[in-house]
Amino acid sequence: MKVTIVGAGNVGATCADVIAYRGIASEVVLLDIKEGFAEGKAMDIMQCATTTGFNTRVIGSTNDYTKTANSDVVVITSGIPRKPGMTREELIGINAGIVKSVADNVLRHSPEAIIVVVSNPMDTMTYLTLKATGLPKHRVIGMGGALDSSRFKYFLSQALEKPGNDVQGMVIGGHGDKTMIPLTRIASYNGSPVSQFLSQDVLDKVAADTMVGGATLTGLLGTSAWYAPGASVAYLVDSILNDQRKMIPCSVMLDGEYGQSDICIGVPCIIGRKGLVEIVDVNLDDKEKDLFAKSADAVRNMNADLQS
Ligand code: NAI
């Protein structure tokens with residue numbers, strides 16, 4: 001199984017690293033526009049093979065798409081990340097041009113690939129990729145909900161003072177500080193609703209911390225985060241390549257689901273070998289439905305910027 005990651009920066013290289021040491025794919029091609037950069041990252045990762053014990057072959061390429069031929073999955077992490085004080089939405093102009101040309105290039109060499117879009121603003125970049133390539137909706141998947149949900153579970157586990165693995169939670173909606181929706185009502189700890197253990201005030205704080213989780217890290221690091229983003233992409237790629245059919249919140253094209261159409265936004269999805277297998281209908285209450293409609297409006301406004 002072959003995976004190409006376009007953009008060998010912080011998120012792309014971390015994703016390649018996780019894919020390699022977890023043996024998710026047999027081959028990973030890291031491609032970047034910066035001369036020698038992807039080759040350097042690939043060599044550095046490969047020099048871990050004997051100490052961490054993996055067999056995945058990771059190679060680098062400076063913009064040579066022939067090396068990416070016949071990839072099963074292509075991850076797009078190329079583009080600029082945000083700096084402190086910036087929103088994800090401010091990246092739209094530059095990243096739209098990059099994502100569109102990258103999608104064209106990868107499909108020329110891997111016409112059957114499933115495309116995972118990571119570059120921000122991710123929901124709009126996913127929409128752009130679908131429209132620009134004309135691919136069927138099951139083959140273009142935006143990664144954001146997996147990361148936001150892992151941050152949500154982290155903050156829940158901190159509040160519960162319990163291990164994160166025992167906590168279940170999901171974030172849907174747009175992948176923006178103001179548009180994501182941490183579903184506290186259905187979050188659980190070992191099968192019991194977290195509301196049995198945490199007050200509404202604490203749950204509200206967990207939700208608020210989750211929503212600014214990326215911005216908090218950008219403030220601390222001086223650029224956007226990479227360990228959890230890279231691992232979240234690898235988690236999604238694993239479900240695709242190995243047909244795991246995990247339920248993962250992803251940004252996909254909606255055709256009436258959750259009351260929305262002609263928009264890519266985060267909803268719970270079953271993800272398998274064909275990409276999107278099924279959108280899962282979680283019964284939202286009226287307040288959640290209202291938040292989802294508002295989130296969709298914000299994403300739609302962002303998509304309108306693609307035309308301007
Ligand atoms: P980075 O700056 O470390 O890496 C980006 C890489 O893309 C650079 O190495 C750059 O040379 C390369 N690049 C730029 N144009 C290219 C092109 N045309 N072809 C090939 N490579 C090209 O940035 P980082 O931190 O890895 O973030 C990448 C993107 O992912 C950003 O847009 C960021 O906002 C987004 N992101 C999305 C997340 C999500 O949950 N969806 C989470 C974290 C970051």
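We count ligands from 1, going down the list as the structure has it; atoms in each ligand are counted the same way.
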Please report which non-hydrogen protein atom sits nearest to [atom], along with the residue it belongs to and the distance in Å to one decimal place.
atom                    : answer
atom 8 (C) of ligand 1  : Asp32 OD2, 3.4 Å
atom 2 (O) of ligand 1  : Pro81 CD, 3.4 Å
atom 15 (N) of ligand 1 : Ile98 CD1, 3.6 Å
atom 14 (C) of ligand 1 : Gly79 N, 3.8 Å
atom 41 (N) of ligand 1 : Met143 O, 2.8 Å
atom 4 (O) of ligand 1  : Gly9 CA, 3.2 Å
atom 26 (O) of ligand 1 : Val11 N, 2.9 Å
atom 3 (O) of ligand 1  : Asn10 N, 2.9 Å

Please tell me whether Thr68 and Thr4 have a donor and an acceptor in their side chains that are separated by less than 3.5 angstrom.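 Distance-only check fails for Thr68 and Thr4.
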### Message
Checking side chain to side chain contact (heavy atoms under 4.5 Å, CB included) between Cys15 and each of Val18, Asp17, Ile19, which is the one that passes?
### Response
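Among Val18, Asp17, Ile19, the one that satisfies the side chain to side chain contact (heavy atoms under 4.5 Å, CB included) with Cys15 is Ile19.
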Where's the contact between [X] and ligand 1, heavy-atom distance under 4.0 Å: side chain, backbone, both or neither?
X      : value
Asn120 : both
Trp226 : neither
Ile80  : backbone
Leu147 : side chain
Val6   : side chain

Note to self: Parallel, tilted or perpendicular: which one describes the rings of Phe292 and Tyr258, with boundaries at 30° and 60°?
What the structure shows: tilted
Under 4.0 Å from one or more heavy atoms of Asn95, ligand 1 contributes atoms 32 (O)
query = Any Lys/Arg nitrogen of Asp104 or Arg108 sitting under 4.0 Å from an Asp/Glu carboxylate oxygen of the other?
reply = no
